[in-house]
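Here the structure is a predicted model, which means the values were calculated and not measured.
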Amino acid sequence: MSSDDTTTAGAPSLHPRDEMTPCPWQRGVHVWHVPIFTRAFVFFLALSIIGVGLSVVRAFGGLDFTGMNDAYAWGIWKTFNVMTLTALGSGGFAIGIAAWVFGRHELHAVMRTALMTSLVFYLAGLLALTVDVGRPWNMWHLAFPSHWNTDSSLLEVAVCMPLYAVIFLAFENLPPVFERIFVHASDNLRAVMVRTMPIIKAIFPYMLAGAYVLPAMHQSSLGALLLLAGEKLDPLWQSQMLPLLYVIQAGVAGVACVMFTLMIASLYWQRPIDTRVLGSLGRLMSQCAMAFLIIRFADLAWRGVLGRALALDGLALVFHAENLLVGLPALVMFRRDWRERPRVLFVSAIFAGIGAMLYRFVPTTIAFVPGELKFYFPTFLELLMSAGYVALTVVLYSVAVKMLAIVPGSLDQWYGAVAYARRRFRTIRVDEHGQPSRH
Amino acid sequence: MNVDRRQALQAMLGGTAGGVALLTPAEAAASPIDDRDALGMLYDATRCTGCKACVTACTAANDLVPDTVLSNGRWQMPTDLNAQTKNIIKLYEAPDSPTHSFVKRQCMHCVEPACVTGCPFGALTKRPEDGVVAWHASLCIGCRYCEIACPFEVPKFDWANFNPQVVKCELCRHRFAEGGGPACTEVCPTGAVIAGNRADLLADAKRRIAAHPGQYFEDRVYGEHEAGGTQVLYLSHVSFAALGLPTLSDESLAHYGTKVHHVLYRYLAIPLALWALMAGIIRSRFKHHEKKARVEEASTGLPPQL
Ligand code: SF4
Ligand code: SF4
Ligand code: SF4
């Protein structure tokens, strides 16, 4: 273990611009040198247990403990818990398309991180979507397509989102799970796994394509939900472009979230930082944000409501905040040398992430102005529940990266992890490279 | 309702029966209900005295518990439509003139209702025989999308109930079988609110406007075109906005909210084409990726990671 610590300590000094430097992120490596139960973990675990516990209470005990009312009927439930958390979970979607469809090969290094963050955020979002409904005993209609009202965007979300998370996203996350099972497995099980591998590889491209179409569908449907809000939504937001803008912002939020997760993980677990890959992520984020701004302003001009943006009221300020929060990082990330500075990358990811989350959150809350004006602010329990959902993602993610080879690291770290595993698990059946051994 | 889109989606995810539908040509969208069949009401604010007989009648006819919170339990005194109130009379007073008006609020029974479009499992339906927008408890999941979607903010959710209901005027459809009609129209002493089919009510309203030029706001009927038209119509001497009736465009939200999606999801053609295109690209990239992984494995001796 000590030998790995020296490697990591030396890593951040790698000169980012040196073309000859081997990139530090070579493969996914388990976070092996820390136990699962750390103090921070226990804190998040407690919070997530509270959140899930409150969900159970809510599922059996009505919605009365919330501050929601008839005017703000979605409170922060669909708006934060679903719209915002699944936007943060769109990294696997955006980065996957960039890498597999547009050929940004360097992004494969962080694909596992992206897919795992997506999975945990979607699980939290799905949990929120499920306990948000006030009459859950009627959810069984979901299983019968003949009961569907396919005009409804909410139906599209309700069908498409679980389908994506439980089948496609879970499939994409299988390889690291398989690897772990394989090194511990008996010969018989290994034989079975060796035989299933070609099947998985055969359907892999088709599953990936599905994993990119489905989020495009339900993330746009989340935006389309607001179309029916009509005149209640301020004209700066109400637009036929809402579905498209929602998908793009999902991309911004997802990529920002992956950048943030990678950098926090690298800091926290002393991994070297690969600015080449992070810079590529920054560029992707910047391109999405630019597309968002261009489409948004073109649409405003087309609808003739650009002037509304100049009004000096609260909503116009929120509008500017949304744009600046993603626009500034997008400009910064345009510059190649800034894309190579960890600090700039980190701050840009945070700003753009907050901006994209804000855009996903505002149309159902702040810019949603019902005629019957009522006050809504989430109750303490509602806030606690949302915090619990966020904590749940942290808990699931940190367990996953300790059990599976997800967080990118260097080859030295890989050898460190393998050596540790061989010492720790007597039964483990891999050679010193991590290759499954024959007997 | 767009029939072919429904079939296409069902075909994708629902199995073989729908698979046939995928191949059949597009059917015409469900035909709109004839104005002579569409039941509704006409409320004339100039005739309303604010007696609230209709509010009491509505509560009784619908077995609702009167909302007495504001009066400390003494009498029915709702502040707005709510889970106990499907019908309400409100008062508008002009800021600096004696002009005032009452207004009756309940479901408008829209011609193309946004609530029906949004409702995921069809718990809200527009009845084909009379256009009444009805709620069905066994299909409602309590998602409250109808509250977000309704431009008139009519559906109300029963927040405090463990078995929450969506409460809104259903034109007293439960009374139709025994020959009854909307209870509120039966008790109105001045005929300020009357029931009838949309064609007759509209003609009646226009006759009143013609007979009393200058009396009615903008000489027009609210609900003739608003939000694609409604089966409950309004006449007023003050502006409709003052009565709390929202200023809406003529395009129904049901149309505005689904026109792009109907194109995107028709036969699921676009998603499927996108899927096929991406699958093709990813397949060739994947082959390349595998080859590179094998080369790397040979040089480093490490198992490739997918
Ligand atoms: S007024 Fe609202 S609740 Fe009534 S039919 Fe129209 S959209 Fe539905
Ligand atoms: S709350 Fe019920 S009636 Fe309203 S949209 Fe949801 S499922 Fe339909
Ligand atoms: S039609 Fe029936 S439910 Fe609707 S407002 Fe009149 S009395 Fe109430």
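Ranked by non-hydrogen atom pairs under 4.5 Å with chain B, the options Leu129(A), Leu227(A), Leu214(A) are led by Leu227(A). Taking Leu242(A), Leu142(A), Asp431(A) one by one and counting their heavy-atom pairs under 4.5 Å with chain B, the maximum is reached by Leu142(A). With respect to chain A, the highest number of heavy-atom pairs below 4.5 Å among Leu274(B), Leu302(B), Thr117(B) belongs to Leu302(B). Of the listed residues (Gly28(A), Gly230(A), Ala405(A)), the greatest number of heavy-atom pairs within a distance under 4.5 Å of chain B belongs to Gly28(A). Heavy-atom pairs under 4.5 Å with chain B were tallied for Ala224(A), Ala209(A), Ser220(A), Pro136(A); the largest tally goes to Ala209(A). The residue among Phe157(B), Tyr145(B), Phe152(B), Phe162(B) with the most heavy atom pairs within less than 4.5 Å of chain A is Tyr145(B). Annotation: maximal heavy-atom pairing with chain B below 4.5 Å, among Lys201(A), Met111(A), Glu172(A), occurs at Lys201(A). With respect to chain B, the highest number of heavy-atom pairs below 4.5 Å among Gln240(A), His105(A), Glu231(A), His108(A) belongs to Gln240(A). Per-residue counts of heavy-atom pairs under 4.5 Å with chain A were compared for Gly122(B), Pro246(B), Cys143(B), Ala123(B); the largest is that of Cys143(B). Residue with the most contacts toward chain A among Asn163(B), Asn82(B), Leu277(B): Asn163(B) (heavy-atom pairs, distance under 4.5 Å). Annotation: maximal heavy-atom pairing with chain A below 4.5 Å, among Ala137(B), Ala114(B), Pro304(B), occurs at Ala137(B). Contact count against chain A (heavy-atom pairs under 4.5 Å) is highest for Ile148(B) among Leu253(B), Leu264(B), Ile148(B).
Using a 4.5 Å cut-off between heavy atoms, Ala254(B) contacts chain A through its backbone alone, with no side-chain atom that close. Proximity to chain B (any heavy atom under 4.5 Å) is shown, for Ala229(A), by both the backbone and the side chain. Contacts between Pro175(A) and chain B at a heavy-atom distance below 4.5 Å involve the side chain alone, from C-beta outward. Neither the backbone nor the side chain of Phe178(A) comes within contact range of chain B; no heavy atoms are under 4.5 Å apart. Contacts between Phe182(A) and chain B at a heavy-atom distance below 4.5 Å are absent for every atom of the residue. In this structure, chain B has no heavy atom under 4.5 Å from any part of Leu174(A). Contacts between Glu179(A) and chain B at a heavy-atom distance below 4.5 Å involve the side chain alone, from C-beta outward. Of the two parts of Asp158(B), neither the backbone nor the side chain holds a non-hydrogen atom closer than 4.5 Å to a non-hydrogen atom of chain A. With a 4.5 angstrom heavy-atom cutoff, Thr247(B) touches chain A only via backbone atoms. Heavy-atom distances place the backbone of Pro151(B), and not its side chain, under 4.5 Å from chain A. Only the side chain of Phe368(A) comes within less than 4.5 Å of a heavy atom of chain B; its backbone N, CA, C and O stay farther away. Heavy atoms closer than 4.5 Å to chain B are found in both the backbone and the side chain of Ser221(A). Contact annotation for Ala216(A): neither backbone nor side-chain heavy atoms come within less than 4.5 Å of a heavy atom of chain B. Contacts of Glu290(B) with chain A are made by side-chain atoms alone, with heavy-atom separations under 4.5 Å and no backbone atom involved. Both the backbone and the side chain of Met68(A) come within less than 4.5 Å of a heavy atom in chain B. Heavy-atom distances place no part of Cys115(B) under 4.5 Å from chain A, backbone and side chain included. For a residue to count as touching a neighbouring chain, one of its non-hydrogen atoms must lie under 4.5 Å from one of that chain's; by this rule Leu225(A) touches chain B with backbone and side chain alike. Looking at Glu251(B), there are no atoms closer than 4.5 Å to chain A (heavy atoms on both sides), in backbone or side chain.
The two residues Cys160(A) and His218(A) come nearest to each other via the heavy atoms SG-ND1, 3.5 Å. For the pair Leu70(B) and Thr79(B), the tightest heavy-atom approach, listed with the atom from each and the gap, is CD2-CG2, 3.8 Å.
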Q: Let me see the working for Cys110(B) and Glu226(B) under side-chain contact (heavy atoms from CB on, under 4.5 Å), right down to the final yes or no.
A: CA-CA 9 Å; Cys110(B) 304; Glu226(B) 270 78 9; over 6 Å; no
Q: Mind running ring-ring contact (aromatic ring centres under 6.0 Å, His included) on Phe286(B) and Phe204(A) for me, showing each step along the way?
A: CA-CA 9 Å; Phe286(B) 185 58; Phe204(A) 192 77; 4.8 Å; yes
Q: Please lay out, stage by stage, how Trp74(A) and Thr365(A) fare under the test side-chain contact (heavy atoms from CB on, under 4.5 Å).
A: CA-CA 8 Å; Trp74(A) 280 354; Thr365(A) 48; over 6 Å; no
Q: Please assess Ile281(B) against Phe102(A) for the test side-chain contact (heavy atoms from CB on, under 4.5 Å), listing each intermediate value before the final yes or no.
A: CA-CA 9 Å; Ile281(B) 299 174; Phe102(A) 291 98; over 6 Å; no
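Residues Asp70(A) and Glu153(B) form no side-chain contact, since every pair of their non-hydrogen atoms from C-beta on lies 4.5 Å or further apart. Put simply, the side chain of Tyr222(B) does not reach to within 4.5 Å of the side chain of Leu243(B), judged on heavy atoms. Counting heavy atoms from C-beta outward, Arg135(A) and Trp137(A) have side chains that approach closer than 4.5 Å. For the pair Lys104(B) and Asn87(B), the minimum side-chain heavy-atom distance is below 4.5 Å.
For the residue pair Asn81(A) and Asp132(A), no side-chain donor N or O sits within less than 3.5 Å of a side-chain acceptor on the partner. Counted by atom type alone, Gln238(A) and Tyr256(B) present one or more donor-acceptor pairs between their side chains at under 3.5 Å.
The local environment of CZ in Arg180(A) is crowded, with over 12 non-hydrogen atoms from other residues, nucleotides or ligands closer than 6.0 Å. Heavy atoms of other residues, nucleotides or ligands lying less than 6.0 angstrom from NE2 of His288(B) number 12 at most.
Put simply, the side chain of Trp414(A) gets close to the backbone of His433(A): a donor and an acceptor are under 3.5 Å apart.
The salt bridge (charged side-chain N to carboxylate O under 4.0 Å, His left out) test with Asp80(B) singles out one residue from Lys156(B), Lys90(B), Arg105(B), and that residue is Lys90(B).
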